[in-house]
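Start at 1 with the first residue, then count along the sequence. Everything quoted here is computed from the prediction, not taken from an experiment. We count ligands from 1, going down the list as the structure has it; atoms in each ligand are counted the same way.
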Amino acid sequence: MKLTKQTIDQVALRNKRVLIRVDFNVPLDGTSHITDDSRIRAALPTINWAIDEDAVVILCSHLGRPKGTPNPTLSLAPVAKRLQRLLNKPVAFTDDCIGPTVEAVVNSAHPGDVVLLENVRFHPGEEKNDDQFCAQLAALADVYINDAFGTAHRSHASTVGITKHVNVSAAGFLMKREVEALEGTVENPVRPFVAILGGAKVSGKIGVIKNLAGKVDKVIIGGGMAFTFIKAMGFEIGQSLVEEDMLDFAKQIHEQAIADKIKFYLPVDCVVAASLAPDAETKIVPIQEIPSGWYGLDIGPASVRLFGEVVQNAKTILWNGPMGVFEQDAFSRGTFALAHSVANAYAKTIVGGGDTALAVYRAGESESMSFISTGGGAALQLLEGKHMPGLAALPDRPH
Ligand code: AMP
C-alpha cells in the first residue's frame, strides 16, 4: 500500500530553504549523552536526499517535555554533535528556533549546508499550534517536509500549522516508510497474519485490539494485559495486574474471536514473584495455579513454546507490547524468547515502537525484523486506524 501524500522526491528542492520536521526526541542519560540514536539515523535518508539536491537544509524537532520554556537539559545541542558525526559534515546549531538571529543564520547558509534549530517546544506556541509561531517558523522556509512520524499524531505548529504558511509541503522518506509498513501491513497482510499484543494494560491497547480484531488470523495476548483476560475466564490471578473495568470487554473480545474463528492465544503458564522486591522469590506455575498473593510478571516456558509454534507458519507478524516486565532480568526471558521466535519465522515482521523496539534490541534481534517503528504513540494511533493530523495536513500525491 502506497502513501497517498506528496513526498520529498516529488518537489523541487534545489537552492531552496527546506525546513524538515524530524523526530530527534532521543533518550538522554540525564547528562547530555544520547543512549539510543536510532531516531537520528532513521531521518538520514531524507536529510541526505535534501543535501544531495543542493537544498539549504534546516532541521527542527522537539526533545522531551519542556512545556513552553527553555530548559538546558532538553537542548538539542547533543543531537547536533551526533548528527555532525553521522553526516560527516558540519551542522550549524542555533540557540532558538525562530527570530531574527535564526533567520540570519538560515539566510546566509549555502546549498548543501545543514542547520539544526533548538527545541521547538521551548516556545508555548508549538504545542498550542499558535498561528503567529507557525508563521515565524515558516519564515525560515521555502519548502516544508514532515519526516517526524513519531509526532505525526500531534496537532502542533511544526507538524500541522506550518503547512498553512508554506507554499510547498511534502512527507519525508521515514514518514512514508512508517505509514506504508504499519498501515500497509494491517490493511493488506499476507496470511496467516498474527498479531502479538502485550504490555501493561488492556485499556492502552483497546483501539488496536478493536481495529485488528476483524483483520487477523491469530492473536497472541501476553504481558500484564493477559491477566485481565485470564481473570475474565474465571481464574485466580493473585496480585497480577488487572483492570476490573476491562473484564467485560476482555470477555467479549475473547468470545467474538472464537465466533469469528480467529485463533486466540493466552499464556498457559507464567513466572510469578512473591513480591515486587528485586530479590523476591520467583517460580513458574501453570496459569490456572497462580498462588493468591503472588504477582505474574512474565510468560512461562510452556507459553514461550506455544507462542513460538503459533508464529512459526505466519507470513505476517505484527508485535506491540512486551510479554513481561522485560526491564528486569528475572522477567525478561519470555519477551526475549518470543523475539527470537518472531525473528526466525519466515514472515514479514513489524514491530510497534517504544518498549517493544527496546525489547527486540536487547534481545539482539533488531536486525532480523522487517520493520521496527520509530514511533510509540504514533504507531499505536495508526494501528488503531485513527486520523494522523501531521499526515492529514500534507497535500495529496500528484497523479
Ligand atoms: P505498554 O506501554 O502498555 O506497552 O507497557 C509496557 C510495560 O508493560 C513494560 O514497561 C513492562 O514492564 C510492563 N509489563 C509487561 N508485563 C507486565 C506484567 N505482567 N505486569 C506488570 N507490568 C508488565
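- Shortest non-hydrogen contact noted between L63 and S75 is CD2-O, 3.4 Å.
- When all heavy atoms of I8 and I145 are compared, the closest pair comes out as CG1-CD1, 3.8 Å.
- Atom 4 (O) of ligand 1 has its closest protein heavy atom at K205 NZ, 3.0 Å.
- The local environment of CG in D329 is sparse, with at most 12 non-hydrogen atoms from other residues, nucleotides or ligands closer than 6.0 Å.
- For a threshold of 3.5 Å applied to N or O pairs, the pair formed by G296 and ligand 1 contains at least one separation below that value.
- Inclusion of G224 in the set of residues having an N or O under 3.5 Å from an N or O of ligand 1 is warranted.
- Listed by atom number, the atoms of ligand 1 under 4.0 Å from V325 heavy atoms are 12 (O), 15 (C), 16 (N), 17 (C), 18 (C), 20 (N), 21 (C), 22 (N), 23 (C).
- Residue G223 approaches ligand 1 through these ligand atoms, each under 4.0 Å from one of its heavy atoms: 16 (N), 19 (N).
- Of the charged side-chain nitrogens involved, at least one lies within less than 4.0 Å of a carboxylate oxygen, so that R21 and E126 count as a salt-bridged pair.
- Of the protein's heavy atoms, D355 OD2, 3.3 Å lies nearest to atom 2 (O) of ligand 1.
- Nearest non-hydrogen protein atom to atom 14 (N) of ligand 1 is G324 O, 3.9 Å.
- In this structure, of E327, Q328, K201, the residue bringing a heavy atom nearest to atom 11 (C) of ligand 1 is E327.
- In terms of polar-atom proximity, defined here as any N/O pair under 3.5 Å, A200 does make such a contact with ligand 1.
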